[in-house]
Amino acid sequence: MTTNDSRFVSDRQIISALGSLAASAPVTLPERVFARWASAPSRLGEVFVAFTGAGVQFVRSSESVHGDVEEFAQEYRARFARPLQQAGTVPAGVLPALRGRPARNLRLDLAGLTAFEQAVLNATRRIPAGQTRPYNWVAREAGSPRAVRAVGTVLARNPVPLLVPCHRVVRADGAIGQYTFGPVHKEELLRGEAVNLDEIRSLARHGVHYLASDTTGIVCFPSCRDARRITPAHRQGFNTLAGAVAAGYRPCRTCRPGVEELGA
DNA sequence: CCCGTGACACTCC
DNA sequence: TGGAGTGCCACGG
């Protein structure tokens, strides 16, 4: 295979080399003082994006700042206490991420946030497109299972909406919950990712918050990729995870609806 | 340091 | 069946 020939450099090696170049590049004074901003298209229309050499720090829809970059810059300064300078383009990975495509090369600058805030945002980041998770799931994944309300507080101040997909965090009772840019946009985003909100609501009305397969013995969140493939005849609905476990089901390893110990 | 405040969840009627 | 009450944890003033 040509790509394994030692005379050639693989893409992986190039990327790795570029990565170390970026890391060792000298940080100039203006770079330390200024963060930069640029506008970009997103699923919610134009957004403004602020970033440093470490990654993206702040995202706001143009709509939410009334189309006024100055208002965006003020909001940014209020939170990060740094001046902004215009840049030509957004960093790598931002454009696909704003379109809802997972971008491996997207870098976020979350320094300055508390450990808890970072844990919440990182857990939220692991929710796949087209799926939802409840606030209590984020709390558990973030290592503070009882800090459910605190999760809401953190997400309410998510500095990088869309990039950290907080629109995928919904209430455990099936309601959609609140959103930085308003619940209407939250619903738009989820529908755009083909989340079947009508089915989720219909199930919730009947008290069903989990779906299990009696062939695999696994229980999932209804939006889980694996749950959507359960043949209707083998699909079992449950109100609580404990109920499903009591009936002999174990939590799905993909969507992780609860701790493994419950299933063991 | 105490106290109030939340993009929530659970338990009761 | 759903709305109020209560518990919770992290932050900010």
Side-chain angles (χ1 to χ4, degrees), chain A residues 42-44 47 57-61 63-65 75-81 100 108 110-127 129 131-193 195 197-198 200-211 219-223 237-246 251 255-259 262:
Chain A
S42 84
R43 288 180 285 167
L44 294 180
V47 293
Q57 262 185 326
F58 194 56
V59 172
R60 281 297 176 269
S61 68
E63 182 187 45
S64 72
V65 293
E75 261 193 60
Y76 173 82
R77 279 196 303 272
R79 291 181 63 162
F80 296 91
L108 301 177
L110 302 181
L113 302 187
T114 67
F116 178 70
E117 288 170 324
Q118 294 188 28
V120 166
L121 295 178
N122 284 326
T124 302
R125 232 182 147 178
R126 294 194 287 270
I127 308 172
Q131 301 188 35
T132 61
R133 299 288 181 270
Y135 288 89
N136 60 6
W137 179 92
V138 175
R140 182 168 46 75
E141 293 287 315
S144 306
R146 281 168 303 188
V148 181
R149 307 199 57 173
V151 165
T153 310
V154 169
L155 294 185
R157 283 179 53 80
N158 178 9
V160 283
L162 296 172
L163 302 184
V164 165
C166 56
H167 59 279
R168 295 179 193 144
V169 183
V170 298
R171 289 178 20 168
D173 64 4
I176 191 159
Q178 292 302 311
Y179 187 52
T180 315
F181 301 137
V184 174
H185 284 318
K186 188 171 187 172
E187 182 157 346
E188 261 178 43
L189 287 167
L190 292 175
R191 287 191 189 281
E193 296 179 5
V195 173
L197 287 173
D198 302 317
I200 290 175
R201 282 180 186 134
S202 161
L203 290 169
R205 265 199 305 278
H206 296 268
V208 174
H209 296 129
Y210 301 90
L211 290 180
V219 56
C220 299
F221 287 120
S223 72
F238 287 94
N239 183 6
T240 65
L241 181 63
V245 170
C255 65
R256 301 166 54 82
V259 283
L262 258 180

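Since the model is a prediction, treat every value here as computed from it, not as a measurement. Convention: sequence-line order gives letters A, B, ...; per-chain numbering from 1. The basis for the numbers below is simple: all heavy atoms, side chains too, and nothing from hydrogens, waters or symmetry mates.
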Atom-pair distance ([atom1] on [X]; [atom2] on [N]), nearest Å:
{"X": "A:Arg157", "N": "C:dC9", "atom1": "CZ", "atom2": "P", "value": "22 Å"}
{"X": "A:Glu117", "N": "C:dC11", "atom1": "CD", "atom2": "P", "value": "6 Å"}
{"X": "A:Arg171", "N": "B:dC10", "atom1": "CZ", "atom2": "P", "value": "11 Å"}
{"X": "A:His185", "N": "B:dA7", "atom1": "NE2", "atom2": "C1'", "value": "16 Å"}
{"X": "A:Gln118", "N": "C:dC11", "atom1": "CD", "atom2": "P", "value": "11 Å"}
{"X": "A:Phe116", "N": "C:dC8", "atom1": "CZ", "atom2": "P", "value": "16 Å"}
{"X": "A:Gln178", "N": "B:dA7", "atom1": "CD", "atom2": "C1'", "value": "5 Å"}
{"X": "A:Leu113", "N": "C:dA10", "atom1": "CG", "atom2": "C1'", "value": "14 Å"}

Which nucleotide sits closest to the side chain of [X]: [options]?
{"X": "A:Thr114", "options": "B:dA7, B:dC8, C:dC11", "result": "C:dC11"}
{"X": "A:Tyr179", "options": "C:dC8, B:dA7, B:dG6", "result": "B:dA7"}
{"X": "A:Arg146", "options": "B:dA9, B:dA7, C:dC8", "result": "C:dC8"}

Measure all distances between protein nitrogen or oxygen atoms and nitrogen or oxygen atoms of nucleotides 1-6 of chain C, and list the pairs falling under 3.5 Å.
none

Remember a base hit wins even if backbone is also touched, and classify [X] as base, sugar-phosphate or nothing at under 4.0 Å, heavy atoms.
{"X": "A:Thr153", "answer": "base"}
{"X": "A:Ala147", "answer": "sugar-phosphate"}
{"X": "A:Ala156", "answer": "base"}

- Query: Around A:Arg79, counting heavy atoms of other residues, nucleotides and ligands shown, do more than 12 lie under 6.0 Å from its CZ?
  - Reply: yes
- A:Arg191, CZ atom: more than 12 neighbouring heavy atoms under 6.0 Å: yes
- Message: Looking at A:Glu141 and A:Arg133, is there a salt bridge between them, counting it only when a charged N and a carboxylate O are closer than 4.0 Å?
- Response: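 Looking at A:Arg133 and A:Glu141, the cut-off is not met.
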- Judged by atom type as modelled, is there a donor-acceptor pair below 3.5 Å linking the side chain of A:Asn136 to the main-chain atoms of A:Ala172?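 Checked: no pair found.
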- Query: For the side chain of A:Ser64 and the backbone of A:Phe181, is there at least one donor-acceptor N/O pair under 3.5 Å apart?
  - Reply: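 Checking the backbone N and O of A:Phe181 against the side chain of A:Ser64, no donor-acceptor pair under 3.5 Å is found.
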- Does A:Asn136 make a side-chain N or O approach to OP1 or OP2 of B:dC10 shorter than 4.0 Å? yes
- pair A:Arg126-A:Arg256: side-chain heavy atoms closer than 4.5 Å: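 SC-SC contact between A:Arg126 and A:Arg256 ruled out.
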- Item | Donor-acceptor pair under 3.5 Å, A:Tyr135 side chain vs B:dA9 base |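 Not at all, since no donor on one side and acceptor on the other fall under 3.5 Å apart.
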- Query: Can you find a donor-acceptor N/O pair under 3.5 angstrom joining the side chain of A:Thr180 to the base of B:dA7?
  - Reply: yes
- Decide yes or no on side chain to side chain donor-acceptor pair (under 3.5 Å) for A:Tyr76 and A:Gln57, but give the supporting numbers first. CA-CA 9 Å; A:Tyr76 173 82; A:Gln57 262 185 326; 2.4 Å; yes
